[in-house]
Amino acid sequence: MGIAENIEQIQNTIGEEVKLIAISKTQPDDAIREAYRSGHKIFGENKVQELANKAADLPDDIEWHMVGHLQTNKVKHIAPFVGLIHSVDRLKLLRYINKEARKTDRVIDCLLQFHIAEEESKFGLDLQEAVSLLNSRDYKEMQNIRITGVMGMATFTETHSQIRAEFKQLRQIFNKLKSRFFEDAPYFKEISMGMSHDYKLAIEEGSTMVRIGTAIFGERKPQ
Ligand SMILES: *Cc1c(COP(=O)(O)O)cnc(C)c1O
């Protein structure tokens, strides 16, 4: 099947309420254009340089998301245009995003990334760290960022019960933060969870945004 058919099929599976982020990392511009021509406008990348290059080359009305680990010194390259940063995992990073957003007179939407998987290699906060971040004076003074929800990646496993439990955990974190910090903030509503192999489980557990790469574009070539 082609890229457009893959998107259509996934869109039909996830329904209208859940947002599809097409993860185009390592894919050539032509593959993105093919998706774009079929009507898809939201793409995600995990590397700053690749994201900035593609944003420069491709149509202006694409909404670009950053989903990968982000170094503070690279924030400036994406701050002028990025639509959503899924991977905020420390206060220091948020400070840089706020600073660079201010320079371009923007408010940048961000998700707090949580470590829900077994694997040590994955990034993310735990609940306690998030609470202290949100309680910090620093955070409260930031005018150019807006936290719109949470993001997490489940363990890479075949065991559905484990994946489901990890997604449940992320939803509980979302609920706790919502009631403690964002009760009056309707924009705090996103739970970014689910990839090619586990997005159906993620949606059953309350995902509002799925990040899908290989199920749209096919296998990535090893880099
Ligand atoms: C690569 C990536 C995805 C998409 O993974 P697929 O298995 O290709 O769907 C989703 N989220 C993040 C953070 C990624 O790096």
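Everything numeric here is computed off the predicted structure, so don't read it as measured data. We count residues from 1, following the sequence as given. Order of appearance sets the numbers: ligands from 1, and atoms from 1 within every ligand.
- Among all protein heavy atoms, the one lying closest to atom 13 (C) of ligand 1 is Val67 O, 3.5 Å.
- Ring geometry for Phe43 against Trp64 counts as tilted: the plane angle lies between 30° and 60°, on a 0 to 90° scale.
- Interface of Gly213 with ligand 1, defined as ligand atoms under 4.0 Å from a residue heavy atom, comprises 4 (C), 6 (P), 8 (O), 9 (O).
- Both the sub-6.0 Å distance and the 45° axial angle are not jointly satisfied by Lys178 relative to the ring of Phe182.
- Looking only at atom types and distance, the side chain of Glu166 has a donor-acceptor partner in the side chain of Thr155 under 3.5 Å away.
- Listed by number with element, the atoms of ligand 1 under 4.0 angstrom from any heavy atom of Ile212 are 9 (O).
- Contact between Arg106 and Asn144 at its shortest, heavy atoms only, is O-ND2, 2.9 Å.
- The protein atom (non-hydrogen) at minimum distance from atom 11 (N) of ligand 1 is Arg211 NE, 2.9 Å.
- Under 4.0 Å from ligand 1, the heavy atoms of Lys25 that appear belong solely to its side chain.
- Between Met195 and ligand 1, not a single N/O pair is under 3.5 Å apart.
- Residues Ala154 and Ile116 come closest through the heavy atom pair N-CD1, 4.1 Å.
- At a heavy-atom cutoff of 4.0 Å, ligand 1 is contacted by no atom of His197, backbone or side chain.
- Legend: side chain to side chain donor-acceptor pair (under 3.5 Å) pairs involving residues 193-205, not counting sequence neighbours, sorted by first then second residue: Arg164-Glu204, Arg164-Glu205, Lys168-Glu205, Ser196-Thr214.
- Inclusion of Ser196 in the set of residues having an N or O under 3.5 Å from an N or O of ligand 1 is warranted.
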